[in-house]
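Data first, discussion second: the structure below is written as structure tokens.
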Amino acid sequence: MAAVADDAEQRRSLQDVNTVLQYAKLEPSELRPCVQAIFFSENLENDSVKLLEMNGEVMTALKTGDRVVLRGNKDDMAVLCTETQTFDLKGAELSNSMLLLQHLDCGQDLPETGPQEIQYREVVSVLHDYFELRPVKPRLRTLRHLLEENLYSGHECEEDEQHQGKKYTMTEFLNVVQASEKEIVAGLKNLRALELQGYWRMLDFDYLSTVMSHIVQLAEEGDWLQTGVPLADCLAVLEELFPREVIKHVVECYSRPQPADSSEEAGIYRLDEDQVCQFYAEVCLRNAGKFNLNEFLQVWEQSVPPGMKTSLSQIQGIALVDRDSKPETISFFPVEDLPEDVSERFDYLFDARKKWTLAEITPYISGLTTEKLDVGALLTKYARASTQNGIKVFSSRKTF
């Protein structure tokens with residue numbers, strides 16, 4: 001203990017401790033005999049240690065051995081992710097300084113009897129702030145941007161100049177996308193991405209349209225619109241035109257598997273009317289700008305497979321109907337193009353339209369809801385309600 005002896009004069013002695021006890025009118029026999037005197041290190045490492053306030057979800061993940069990681073690029077605000085959730089990592093100040101020691105005996109670790117002695121405990125860091133965690137929605141906009149760097153347009157296009165962008169693996173997504181692995185997988189599914197040769201890709205929309213038209217045409221020719229598409233037969237017919245993984249992926253995206261009562265019925269997919277009709281609506285609207293609503297409804301109805309019925313409810317969240325214009329119009333307005341930040345999302349919506357009904361705005365904000373904030377609470381916080389022609393509408397709280 002040479003180090004202690006060298007600067008012992010600067011630290012409390014047993015005599016100092018007993019003097020303090022006298023001032024406090026306490027007898028040494030009333031306390032445990034081991035006295036722990038703290039002193040500050042000459043080289044405090046205040047920047048080497050960060051304090052994190054744990055919540056139940058993160059603590060459970062650590063105890064069960066799950067991964068807990070920080071994610072984001074250098075210009076992003078940091079988030080902490082478990083395998084299933086994402087949390088904002090925010091700095092907060094401590095009302096009192098917190099002293100960090102490498103060792104300190106507490107409670108039952110201290111002897112109850114014995115000769116009075118003093119032990120020195122070194123303070124290696126003084127903390128004035130900490131990080132707190134707040135559950136947040138996954139930030140998946142980056143995921144979409146990465147996928148759009150190199151859209152898949154078919155094997156024959158992989159080497160041309162338009163398809164020289166980077167391709168990404170799941171490991172690379174986990175390094176930069178600010179979301180948990182479970183949330184990234186869900187985001188990939190929502191974007192209708194698929195894994196090809198180890199890389200996750202999004203299909204170019206024109207290429208997707210070509211694949212989809214062949215599948216629908218084959219379904220019409222084989223009378224599969226009612227009975228369901230046998231995946232094996234569909235693959236066998238179209239595999240000379242498109243990769244099998246792409247055909248299977250598109251069938252699964254726009255249909256649902258039929259319950260199978262026998263092995264002969266396994267692998268049968270019935271095209272989903274709402275999904276297919278929404279797809280053809282997007283084909284009509286993508287490059288049309290504003291479309292006369294009545295003309296659009298006619299073109300849309302003629303484009304879908306026989307027997308399927310179109311409805312404006314099928315395109316909530318991808319198209320915007322303007323009932324105030326003369327004639328009425330419709331335009332492509334996908335929710336995926338809107339900002340992820342809640343305040344920015346509302347600003348964007350009210351820039352596009354001054355007043356919204358509840359039915360119109362709900363598809364564009366429902367993805368922002370949390371356990372504590374439903375659609376009604378979001379509108380109360382970020383919008384102003386009023387009545388127009390007997391109908392409740394919502395407008396911006398901001399005045400310009």
Side-chain angles (χ1 to χ4, degrees), residues 1-83 85-136 174-176 178 180:
M1 302 292 292
V4 173
D6 287 344
D7 57 355
E9 294 181 358
Q10 302 175 21
R11 304 180 191 171
R12 288 182 185 270
S13 64
L14 279 177
Q15 183 179 351
D16 296 328
V17 172
N18 288 323
T19 300
V20 173
L21 292 178
Q22 290 177 7
Y23 289 142
K25 297 182 179 181
L26 293 172
E27 292 294 331
S29 59
E30 298 180 50
L31 306 175
R32 297 200 178 190
C34 180
V35 177
Q36 299 178 93
I38 66 172
F39 68 97
F40 291 90
S41 169
E42 294 181 357
N43 300 302
L44 288 176
E45 300 177 354
N46 293 337
D47 294 328
S48 64
V49 177
K50 301 297 181 184
L51 188 65
L52 175 66
E53 183 181 55
M54 289 287 183
N55 59 27
E57 294 86 350
V58 176
M59 184 64 75
T60 299
L62 290 172
K63 287 182 176 179
T64 56
D66 291 342
R67 295 181 66 205
V68 177
V69 298
L70 296 176
R71 291 205 172 112
N73 288 313
K74 62 180 181 180
D75 296 328
D76 295 327
M77 297 295 290
V79 298
L80 182 143
C81 299
T82 65
E83 293 186 1
Q85 289 182 281
T86 303
F87 301 89
D88 246 342
L89 196 66
K90 296 289 188 181
E93 292 186 356
L94 289 164
S95 57
N96 297 303
S97 298
M98 183 171 289
L99 308 182
L100 186 65
L101 296 86
Q102 292 180 334
H103 181 74
L104 187 70
D105 292 325
C106 299
Q108 68 274 14
D109 298 330
L110 295 169
E112 295 186 6
T113 60
Q116 192 182 38
E117 63 173 339
I118 190 165
Q119 295 180 354
Y120 296 101
R121 305 301 188 203
E122 184 180 30
V123 176
V124 297
S125 183
V126 181
L127 303 177
H128 303 283
D129 52 26
Y130 69 103
F131 289 111
E132 59 182 4
L133 299 175
R134 181 171 59 88
V136 292
L174 290 172
N175 287 335
V176 296
Q178 293 189 296
S180 69

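These numbers come from the heavy atoms of this one structure, side chains and all, not from hydrogens, waters or symmetry mates.
Heavy-atom contacts from other residues, nucleotides or ligands closer than 6.0 Å to CD of Q15 number 12 or fewer.
Residues L89 and F131 approach most closely at CD1-CB, 3.8 Å, considering heavy atoms. The two atoms that bring L127 and L94 nearest to each other are O-CD1, 3.6 Å, heavy atoms only. Of all non-hydrogen atoms in Q178 and M77, the two that sit nearest each other are NE2-O, 2.6 Å. The two atoms that bring Q116 and N18 nearest to each other are NE2-OD1, 3.1 Å, heavy atoms only. Nearest heavy atoms, P111 versus P33: O-CD, 3.3 Å.
Between atom CD of residue E83 and atom CG of residue L174 there is a gap of 10.0 Å, rounded to the nearest 0.5 Å. With rounding to the nearest 0.5 Å, the separation of NZ in K90 from CZ in F87 is 15.0 Å. Atom CG of L51 is separated from atom CE of M98 by 5.5 Å, given to the nearest 0.5 angstrom. If you take CZ on R71 and CG on L80, they are separated by 9.5 Å, rounding to the nearest 0.5 Å.
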V17 and V20: side-chain contact (heavy atoms from CB on, under 4.5 Å), yes or no, with the steps?
CA-CA 5 Å; V17 172; V20 173; 5.8 Å; no
D66/T82 under side-chain contact (heavy atoms from CB on, under 4.5 Å): CA gap, chis, key distance, verdict:
CA-CA 7 Å; D66 291 342; T82 65; 5.9 Å; no
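The backbone N or O of A37 lies less than 3.5 Å from no partner atom in the side chain of R12, so there is not a single donor-acceptor pair. A donor-acceptor pair is defined here as one N or O able to donate and one able to accept, closer than 3.5 Å; such a pair exists between the side chain of Q36 and the backbone of D105. The backbone N or O of C81 sits nowhere less than 3.5 Å from a side-chain atom of T86 that would complete a donor-acceptor pair.
Residue pairs meeting the side chain to side chain donor-acceptor pair (under 3.5 Å) criterion with at least one member in residues 122-135, sequence neighbours excluded, are S41-E122, D88-R134, S97-H128.
The shortest side-chain heavy-atom distance between V79 and L70 does not fall under the 4.5 Å cut-off. Looking at V176 and D76, their side chains never come closer than 4.5 Å, going by heavy atoms from C-beta outward. Considering only heavy atoms from C-beta on, V124 stays 4.5 Å or farther from V49 through its side chain. In this structure the side chain of E117 reaches within 4.5 angstrom of the side chain of C34, judged on heavy atoms.
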Would you tabulate the side-chain donor-acceptor contacts of residues 53-61 under 3.5 Å, counting partners in other chains and residues two or more places apart, or write 'none'?
unit_1	atom_1	unit_2	atom_2	d
N55	OD1	E57	N	3.3
N55	OD1	V58	N	2.9
T60	OG1	G56	O	2.8

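Donor-acceptor pairing under 3.5 Å is recorded for the side chains of S13 and D16.
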